[in-house]
Amino acid sequence: MFKIPPISAERLPSLLRAMPKAELHIHIEGSLEPELIFALAQRNGLTLPYASVDALRSAYAFTNLQSFLDIYYAGASVLLHEQDFYDMARAYLGRAARDNVLHTELFFDPQTHTARGVAMETVINGLHRACHDARAELGISATLILCFLRHLSEESAFETLEQAMPLRDKIVGVGLDSSELGHPPEKFARVFARCRELGLHLVAHAGEEGPPAYIWSALDVLKVERIDHGVQAVHDAALMQRLAQDRIALTVCPLSNQKLCVFPNLADHNLGKLLDAGLAATVNSDDPAYFGGYINENFTQVFAATGLTAKHAYQLAFNSFEASFAGNADKRVWEHKLKEAFERCVEHDY
Ligand code: ADE
Ligand code: ZN
């Protein structure tokens with residue numbers, strides 16, 4: 001294990017920004033900034049129910065997950081053509097590279113688009129081309145995870161999987177998102193079993209607003225490899241033990257949890273508790289255009305609010321590489337770069 005060099009509290013924010021990291025929980029439709037929503041609406045001849053970028057942004061006051069999802073799905077309705085999906089993903093990847101993200105696994109919600117008559121190949125080809133170009137132009141590695149909307153039926157998820165099959169090579173896995181309460185993971189048992197047979201990686205949102213029981217069933221019924229959010233696990237000691245023992249990563253999103261009122265204040269966030277209990281937590285942005293910050297803002301704000309240390313920073317970045325679906329050779333290179341960043345920080349290089 002790497003011995004963390006001594007790093008003062010003043011230097012911690014610049015270390016958090018400079019350290020290499022992976023982002024494993026980002027909904028690409030949640031990276032659509034109001035400016036891009038307006039630009040795409042204009043390009044596509046659509047009229048938005050908001051007079052200006054500022055009017056749209058001022059509607060971003062959420063009380064829970066559903067109050068956010070309603071406005072998030074409305075924002076995504078400006079995406080019609082392959083170039084729209086490309087522009088959205090390329091903008092996010094440029095932003096992520098500036099935050100020293102070396103690798104990211106992008107969630108996308110095809111049912112939000114196919115329900116409006118957009119073809120599956122329009123969505124996946126646009127996103128995939130952006131990932132390909134960003135690797136060539138920025139050196140960032142990016143892959144795609146198709147998410148099923150859990151407020152819809154399992155039958156609809158099966159249809160979505162069927163539509164995506166001709167493009168199977170362009171996705172690394174599947175996930176489960178949207179309204180959690182009332183839609184437990186077991187509702188999707190058969191479609192996840194099929195995805196597993198197809199060799200797709202499996203993840204699911206669980207324990208964001210929902211109870212620990214949803215995390216148990218995501219693990220035991222869906223057989224997921226990572227849990228998205230998972231912060232409600234602290235209410236179940238046996239579950240905490242299971243997550244720690246099996247090194248199941250939690251993709252935690254501090255600013256999202258604050259904005260959706262999962263925690264009353266960022267200072268109340270349990271990220272430190274999860275790490276100190278030996279869980280493989282990571283830090284991510286979820287829907288950065290809606291929650292007030294990309295990944296580095298999530299790191300710096302949650303560290304400032306809760307008093308986490310350089311040791312936690314190293315653990316979080318290390319976990320992000322380890323929990324990714326990248327190959328071992330890439331992981332070793334990234335982990336080496338992480339150690340170098342910590343050493344450079346001590347040498348006062350930034
Ligand atoms: N889709 C986009 N963001 C989400 C979140 N935080 N939880 C569930 N579904 C989502
Ligand atoms: Zn999410």
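Positions are given from 1 along the sequence. Whatever order the structure lists them in is the order used to number ligands and atoms, beginning at 1. Quick caveat, the model's predicted, so the values are computed rather than measured.
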Asks: Are E29 and T112 linked by a side-chain donor-acceptor pair shorter than 3.5 Å?
Replies: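 There is no such pair (donor and acceptor under 3.5 Å, judged by atom type) between the side chains of E29 and T112.
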
Asks: Any salt bridge linking R332 with E322? Criterion: basic side-chain nitrogen under 4.0 Å from a carboxylate oxygen.
Replies: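 A salt bridge links R332 with E322.
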
Asks: In terms of residue, atom name and distance, what is the protein heavy atom nearest to atom 3 (N) of ligand 1?
Replies: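 Nearest protein contact, heavy atoms only, for atom 3 (N) of ligand 1 is D287 OD2, 2.7 Å.
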
Asks: What N/O/S atom of H27 gets nearest to the Zn ion (ligand 2)?
Replies: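 Going by distance to the Zn ion (ligand 2), the closest N, O or S atom in H27 is NE2.
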
Asks: Is there a ring-ring contact (aromatic ring centres under 6.0 Å, His included) between H229 and H205 once you walk through the steps?
Replies: CA-CA 6 Å; H229 293 293; H205 282 53; 5.3 Å; yes

Asks: In the protein, which heavy atom is nearest to atom 9 (N) of ligand 1, and how far is it?
Replies: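 Among all protein heavy atoms, the one nearest atom 9 (N) of ligand 1 is S178 N, 2.8 Å.
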
Asks: Looking at F342 versus Y314, is the centre-to-centre ring distance below 6.0 Å?
Replies: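 They qualify: ring centres under 6.0 Å apart.
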
Asks: Would you say D286 reaches the Zn ion (ligand 2) with an N/O/S atom under 2.8 Å?
Replies: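 D286 does place an N, O or S atom closer than 2.8 Å to the Zn ion (ligand 2).
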
Asks: Under a 4.0 Å threshold between the charged nitrogen and the carboxylate oxygen, would K21 count as salt-bridged to D99?
Replies: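 Judged by the 4.0 Å cut-off on N to carboxylate O distance, D99 and K21 do not form a salt bridge.
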
Asks: If you measure from the Lys or Arg side-chain nitrogens to the Asp or Glu carboxylate oxygens, is any gap between R190 and E155 under 4.0 Å?
Replies: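 So R190 does not pair with E155 through a salt bridge.
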
Asks: Can a salt bridge be assigned to the pair R57 and E35 using a cut-off of 4.0 Å between side-chain N and carboxylate O?
Replies: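 Answer for the salt bridge query: yes.
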
Asks: Output yes when the distance from some N or O of ligand 1 to some N or O of D109 is under 3.5 Å, and no in every other case.
Replies: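 No.
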
Asks: State, to the nearest 10 degrees, the angle whose vertex is the Zn ion (ligand 2) and whose arms point to NE2 of H25 and NE2 of H205.
Replies: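 Answer comes to 100°, rounded to 10°.
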
Asks: Test of understanding: given a 4.0 Å heavy-atom threshold, classify the contact between D228 and ligand 1 as side chain, backbone, both, or neither.
Replies: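 None of D228 does.
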
Asks: For atom 6 (N) of ligand 1, grab the closest protein heavy atom and report residue, atom and distance to one decimal in Å.
Replies: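 So the nearest neighbour among protein heavy atoms is D286 OD2, 2.7 Å.
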
Asks: Between C253 and the Zn ion (ligand 2), is there a contact where an N/O/S atom of the residue lies under 2.8 Å from the metal?
Replies: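 Short answer: no, not a single N, O or S atom is under the cut-off.
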
Asks: Which atoms of ligand 1 have any heavy atom of E208 under 4.0 Å away?
Replies: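 Counting from 1, the qualifying ligand atoms are 5 (C), 6 (N), 7 (N), 8 (C).
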
Asks: Kindly state whether the ring of F38 and the ring of Y50 have centres lying under 6.0 angstrom apart.
Replies: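 Distance test on ring centres: not under 6.0 Å, no.
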
Asks: Under a heavy-atom criterion of less than 4.0 Å, does G30 contact ligand 1?
Replies: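 Outside the 4.0 Å threshold, so no.
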
Asks: Does E197 pair with R194 as a salt bridge, N-O distance under 4.0 Å?
Replies: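 A salt bridge links E197 with R194.
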
Asks: Charged N to carboxylate O under 4.0 angstrom, R95 versus E23?
Replies: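 Looking at E23 together with R95, the answer is no, because their closest N to O distance does not fall below 4.0 Å.
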
Asks: Number the atoms of ligand 1 from 1 as they appear, then name those within less than 4.0 Å of a heavy atom of H27, with their elements.
Replies: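 With H27 as reference, the close atoms of ligand 1 come out as 1 (N), 2 (C), 3 (N), 4 (C), 10 (C).
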
Asks: Any N/O/S atom, side chain or main chain, of H229 closer to the Zn ion (ligand 2) than 2.8 Å?
Replies: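 Of the N, O and S atoms in H229, none lies under 2.8 Å from the Zn ion (ligand 2), which means no.
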
Asks: I need the atoms of ligand 1 closer than 4.0 Å to a non-hydrogen atom of F68, numbered in the order shown.
Replies: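 Listed by number with element: 2 (C), 3 (N).
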
Asks: Please list, in number order, the atoms of ligand 1 under 4.0 Å from a heavy atom of H229.
Replies: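 Near H229, the atoms of ligand 1 are 6 (N).
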
